[in-house]
Each structure stands twice: as structure tokens, then as C-alpha cells.
Protein chains: 2
Amino acid sequence: MLEETFGDTVKKLREDRKLPLREVAEALKIDTSMLGKIEKNSRKPTKHIIGKFATFFEVSDKDLTIAFLSDAVAFRVMEEEDFSSEVFKVAEEKVKYLKTKKLLDK
Amino acid sequence: MLEETFGDTVKKLREDRKLPLREVAEALKIDTSMLGKIEKNSRKPTKHIIGKFATFFEVSDKDLTIAFLSDAVAFRVMEEEDFSSEVFKVAEEKVKYLKTKKLLDK
DNA sequence: TTGCTTTGGACTAATTTTGTCCAAAGATAG
DNA sequence: CTATCTTTGGACAAAATTAGTCCAAAGCAA
């Protein structure tokens, strides 16, 4: 699951099963071109589509979601000069902090 | 620098200097309301504005950028169910991988 | 009260993202 | 070589998001 983009991941799942884009797209009820773009990371799948991928390919929805989200944040951070390790480290602390805070607010 | 949102950070910088929003906004040449919203995290500063903050408050541009980016990815990840540690871990590997790849592509 | 600050709603403009359609380029098989 | 299917990506309109401004009301302190 590591080291590739989300697009690479789903493309590999499809190719392992020797299916053309058209067939998978039909199964997921999305446009073939859309699927092609998702595999090329030029369109983002919705949460719903990620769920369909998981069901169709019989893989973990959670793992696919992690693959997708990590892509999103990786690309976001790479747009800027690279402070990525620091950014992720601080971000993780923020998430922890903000979650606790949210709980306390109740 | 830890544990707060970007808005909290710049608000603190301003309050430490006992300046009203208006004055800082003028100095940065942005709308007062805009600055208020940035402090409340309901509008995002551009890279350019982050630079102005850094200059005006005499703090590190890099640190402010990290504060801003970590906010962005923290909020992004928090929108979904929480797999944040895994997401950041994978994302960091992806950044490394994608950077190497980019170099190799040349 | 007066005057300044802060907050946030409303709204438009600008920008970004989505989804679809289509045509061209690539493969593959006959 | 031809016919067929797959893949790729440009173009475009629609939809969604975000940005920036203006303004009014609430808050605060003198």
C-alpha cells in the first residue's frame, strides 16, 4: 500500500484483475474517462466512490481511504517549499489537540 | 508554536503587541474584516499574506508557513473519520517517494 | 453616551473542481 | 492492413468552493 499514489493503487487493483477501464467504470457506475482520470490522479474520487472501489475490488475501505487522504495531504504539502516532516509532525499534534478541545467544548 | 491553529497564532502575535485588527490590517494592506476572519480560521491567508505577517511581526516566515500548512492538512484529515496518524505516516513516505521520483524523471 | 474594536452575515466575483463528451493515439487480434 | 477495443487527454459547461468587500450589530472602555 505504500509508496504509490492513490491512482496507482486503484490502477494496480484493476490490472491485477485484467479488467479494462470500461468494465470497472460500469461496475462503479461512473464514466470511463472519469475512472481513467482517477487512476491518473487528475480527478478525485468522492468518499462514495472510494467505498465502491473497496467493495468491487474486495479491499479494505479504511486502507483505501488512508491511501486517498495521504495522497491529498502529500500533494498539498508538496505544492510549497518542503517542510513536509515538520508539517506532518505539527499537524498530528494539532489533530490531537483539536480533538481533545472539541470534546471539552461539549 | 504548537497546539494552536494558525488563526490563534497570528491573533496572539497581534495581541502581544496590543494592536487592534485595524492597524495590522492596514499595515498588511488587507481588509480588517478579512484579518478578523483569518484569525478565526474562516479565511485562508495567501502565501503572500503569510510573508507580510512574518515581516510585520518579525517572526520566521518558515515557521508561519509550517503553522499554516499543518493547519490545512490537520483540518483536511479531521473532516474524515480519524485515521490521522496513519495518514500522516503514509503521506510522509509518499512525499519522500514522489520527490525522489521527480528527480529521477529528469 | 461616544467612539473604537470585534464579529459575523450577506453577497458577488473569482477560482477551482467536477463530470461528460469526444477524438486521437495505442494495442491486439484476425 | 483492418477492425475493434482500450487508453489518454483536451475542451467545455455546470457545480461547488473560496475570496474579498461591505455593512450592521454587539462588545467594551472611557
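Given the structure is predicted, the values throughout are model-derived calculations rather than measurements. Residue numbering restarts at 1 for every chain, and letters A, B, ... go by the order of the sequence lines.
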Residue pair A:Val24 / A:Phe57, side-chain heavy-atom distance below 4.5 Å:
yes
Whole angstrom value for the distance that separates P of D:dT8 from CG of A:Asn41:
12 Å
Correct closest heavy-atom pair for A:Glu4 and A:Asp71 would be O-OD1, 4.0 Å
Can you tell me the distance, in whole Å, between the CZ atom of B:Arg43 and the P atom of D:dT18?
10 Å
May I have the distance from B:Ile49 (atom CD1) to D:dT18 (atom P), rounded to whole angstrom?
16 Å
Considering only heavy atoms, which members of residues 14-21 of chain B lie under 4.0 Å from some atom of DNA chain D?
none
Counting just side-chain N and O atoms, does A:Lys11 come under 4.0 Å of either OP1 or OP2 of D:dT8?
yes
Do you know the tightest heavy-atom contact between B:Ser70 and B:Ala67?
OG-O, 3.0 Å
Considering only NZ, NE, NH1 and NH2 on the basic side and carboxylate oxygens on the acidic side, decide whether B:Glu86 and A:Lys62 come within less than 4.0 Å.
yes
When rounded to the nearest 0.5 angstrom, what is the spacing between CG in B:Asp31 and CG in B:Leu35?
9.0 Å
Donor-acceptor check, side chain of B:Asp61 to backbone of B:Ala54, threshold 3.5 angstrom: yes or no?
no
Bending between helix ends of the helix from C:dT1-D:dA30 to C:dG30-D:dC1 [5 pairs per end, 10° resolution]
30°
Got a sec? Which of residues 22-40 of chain A come in under 4.0 Å of DNA chain D, heavy atoms?
A:Arg22, A:Ser33, A:Lys37, A:Lys40
Donor on one side chain, acceptor on other, B:Glu92 and A:Ser84, under 3.5 Å:
no
d(A:Ser33 OG, A:Arg22 CZ) to nearest 0.5 Å is 14.5 Å
Main-chain N/O of A:Arg43 paired to A:Lys37 side chain as donor or acceptor, under 3.5 Å:
no
Does this structure show an ion pair linking A:Lys12 with A:Asp8, if we count only N-O contacts that are shorter than 4.0 Å?
no
